[in-house]
Amino acid sequence: MSNPSRLFTFTGGAAGQWEIIRTVTVIGDDWPHAERLSVTPEPDAPPPDAHWTLRGITSNARYTNRDEKNRLTERQEDLGRPAATLAALIPIRKTAAWWALTQDERRAVFEEQSRHIGIGMNYLPAVARKLHHCRDLSEREPFDFLTWFEFAPEHEAAFDRMLEELRRSPEWNFVDWEIDIRLRRM
């Protein structure tokens with residue numbers, strides 16, 4: 001998913017390099033089913049028969065300190081590894097209460113209270129991840145974040161444990177819409 005522009009389109013429809021295995025609404029409104037997912041850099045227009053389209057932009061790490069960023073960089077594997085044939089696209093929307101917090105208050109919930117980075121570090125390098133910001137494009141986007149993960153089949157149970165830990169954290173009290181879309185590379 002290398003893209004110098006940092007903009008990506010995730011399109012659910014009948015075509016794409018990823019087969020959608022299942023779509024689960026974790027919290028919030030249901031999401032339309034699609035058979036395949038296409039991940040493309042902007043400005044590729046989605047096909048007219050797309051069931052849905054999500055857009056996100058990669059950005060700087062906003063809630064990390066220097067030590068955390070260094071450790072993440074050291075342990076994080078690249079996306080697109082041949083063995084990582086499974087993936088998850090997890091769109092998330094946070095509540096208005098989250099966005100009313102200041103940056104340092106969000107950081108306190110994110111890491112000091114919830115250990116978001118610490119939890120994720122426990123699953124590196126098996127799980128590669130990339131965060132896409134939607135809110136930076138427009139507040140009209142349905143989600144605030146698109147979280148993209150890739151992993152090998154033997155690491156799927158570990159990935160599920162990581163999600164369980166994150167979803168039990170105080171940070172998830174600020175999530176009002178989350179969809180878990182599981183994928184297999186075609």
Side-chain angles (χ1 to χ4, degrees), residues 1-59 72 75-94 116 119-120 122-138 141-167 172 175-186:
M1 289 178 33
S2 175
N3 179 3
S5 74
R6 301 182 2 235
L7 289 161
F8 290 85
T9 299
F10 297 80
T11 304
Q17 64 269 49
W18 295 91
E19 173 190 16
I20 297 177
I21 300 167
R22 70 181 180 275
T23 301
V24 176
T25 299
V26 179
I27 187 171
D29 296 329
D30 285 336
W31 191 249
H33 175 73
E35 297 80 36
R36 297 283 188 86
L37 178 73
S38 173
V39 182
T40 56
E42 287 282 352
D44 289 355
D49 60 347
H51 298 296
W52 48 264
T53 300
L54 298 170
R55 301 176 320 129
I57 185 168
T58 58
S59 186
L72 285 166
R75 297 202 54 199
Q76 172 73 39
E77 292 284 339
D78 289 334
L79 297 173
R81 297 172 290 167
T85 58
L86 297 180
L89 171 62
I90 304 181
I92 293 175
R93 185 179 70 198
K94 298 272 182 101
H116 189 118
I119 290 169
N122 292 334
Y123 296 92
L124 293 176
V127 177
R129 52 59 178 157
K130 179 63 84 175
L131 180 65
H132 301 81
H133 298 264
C134 309
R135 191 176 179 88
D136 288 1
L137 297 173
S138 166
E141 297 294 326
F143 296 96
D144 296 320
F145 306 101
L146 305 176
T147 55
W148 178 262
F149 302 93
E150 294 180 8
F151 45 91
E154 62 268 21
H155 300 298
E156 185 173 20
F159 176 72
D160 289 336
R161 283 192 303 277
M162 180 187 75
L163 289 180
E164 288 173 16
E165 287 182 58
L166 289 168
R167 288 174 179 151
W172 253 251
V175 173
D176 68 0
W177 198 8
E178 179 185 1
I179 308 296
D180 188 338
I181 304 168
R182 296 300 175 98
L183 310 137
R184 179 181 6 238
R185 190 189 331 264
M186 298 302 296

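No hydrogens, no waters, no symmetry mates; every other heavy atom, side chains included, goes into these values.
- Using a 4.5 Å heavy-atom cutoff, the side chains of F8 and W148 are not in contact.
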**OP:** List the steps and the verdict of side chain to side chain contact (heavy atoms under 4.5 Å, CB included) for E19 and L183.
**Re:** CA-CA 5 Å; E19 173 190 16; L183 310 137; over 6 Å; no
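- Within the 4.5 Å cutoff, the side chain of H116 has heavy atoms near those of the L166 side chain.
- For the pair Q17 (side chain) and V39 (backbone), a donor-acceptor distance under 3.5 Å is present.
- At a threshold of 4.0 Å, the pair D160-R182 counts as salt-bridged, since one of the basic side-chain nitrogens sits closer than that to a carboxylate oxygen.
- Across T53 and A50, no two heavy atoms sit closer than the pair OG1-CB, 4.2 Å.
- Side-chain contact check for E141 versus L146: every heavy-atom pair is 4.5 Å or farther apart.
- Ring-plane geometry between W31 and W177 is classed as perpendicular, the angle between the planes exceeding 60 degrees on a 0 to 90 degree scale with a lower cut at 30.
- With rounding to the nearest 0.5 Å, the separation of CD in E165 from CD1 in I119 is 5.0 Å.
- A donor-acceptor pair under 3.5 Å is formed between the side chain of E150 and the backbone N or O of G80.
- Contact detail for A34 and G12: the closest heavy-atom pair is CB-C, 3.5 Å.
- Between W18 and A87 the shortest heavy-atom distance is CZ3-CB, 3.5 Å.
- Heavy-atom minimum distance, R75 versus P125: O-CB, 3.2 Å.
- Here the straight-line distance linking atom CZ of R185 with atom CG of L37 works out to 12.0 Å at 0.5 Å rounding.
- Residues H33 and H51 have side chains not in contact (no heavy-atom distance under 4.5 Å, counting atoms from C-beta outward).
- Within the model, atoms CG of D176 and CD1 of I92 stand 11.0 Å from one another, a figure rounded to the nearest 0.5 Å.
- Remark: aromatic rings of H132 and F145 are distant, center separation not under 6.0 Å.
- In this structure, the separation between CZ on R161 and OH on Y123 is 5.5 Å, given to the nearest 0.5 Å.
- With values rounded to the nearest 0.5 angstrom, I20 atom CD1 is found 12.0 Å from R184 atom CZ.
- F143 approaches R93 most closely through the heavy-atom pair CD2-N, 3.9 Å.
- For the pair T147 (side chain) and I90 (backbone), a donor-acceptor distance under 3.5 Å is present.
- Panel note: side chain R55, backbone L7; no donor-acceptor pair is recorded below 3.5 Å.
- In this structure, CG in L163 is found 7.5 Å from CD in E178, a value given to the nearest 0.5 Å.
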Subject >> Residue pair R167, I27: steps toward the side chain to side chain contact (heavy atoms under 4.5 Å, CB included) verdict >> reply: CA-CA 11 Å; R167 288 174 179 151; I27 187 171; over 6 Å; no
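- Closest heavy-atom contact between P153 and A83: CD-O, 3.8 Å.
- The local environment of CG in N122 is crowded, with over 12 non-hydrogen atoms from other residues, nucleotides or ligands closer than 6.0 Å.
- Without hydrogens or angle criteria, W52 side chain to P32 main chain gives a donor-acceptor distance under 3.5 Å.
- Remark: D136 does not engage R6 in a salt bridge, criterion side-chain N to carboxylate O under 4.0 Å.
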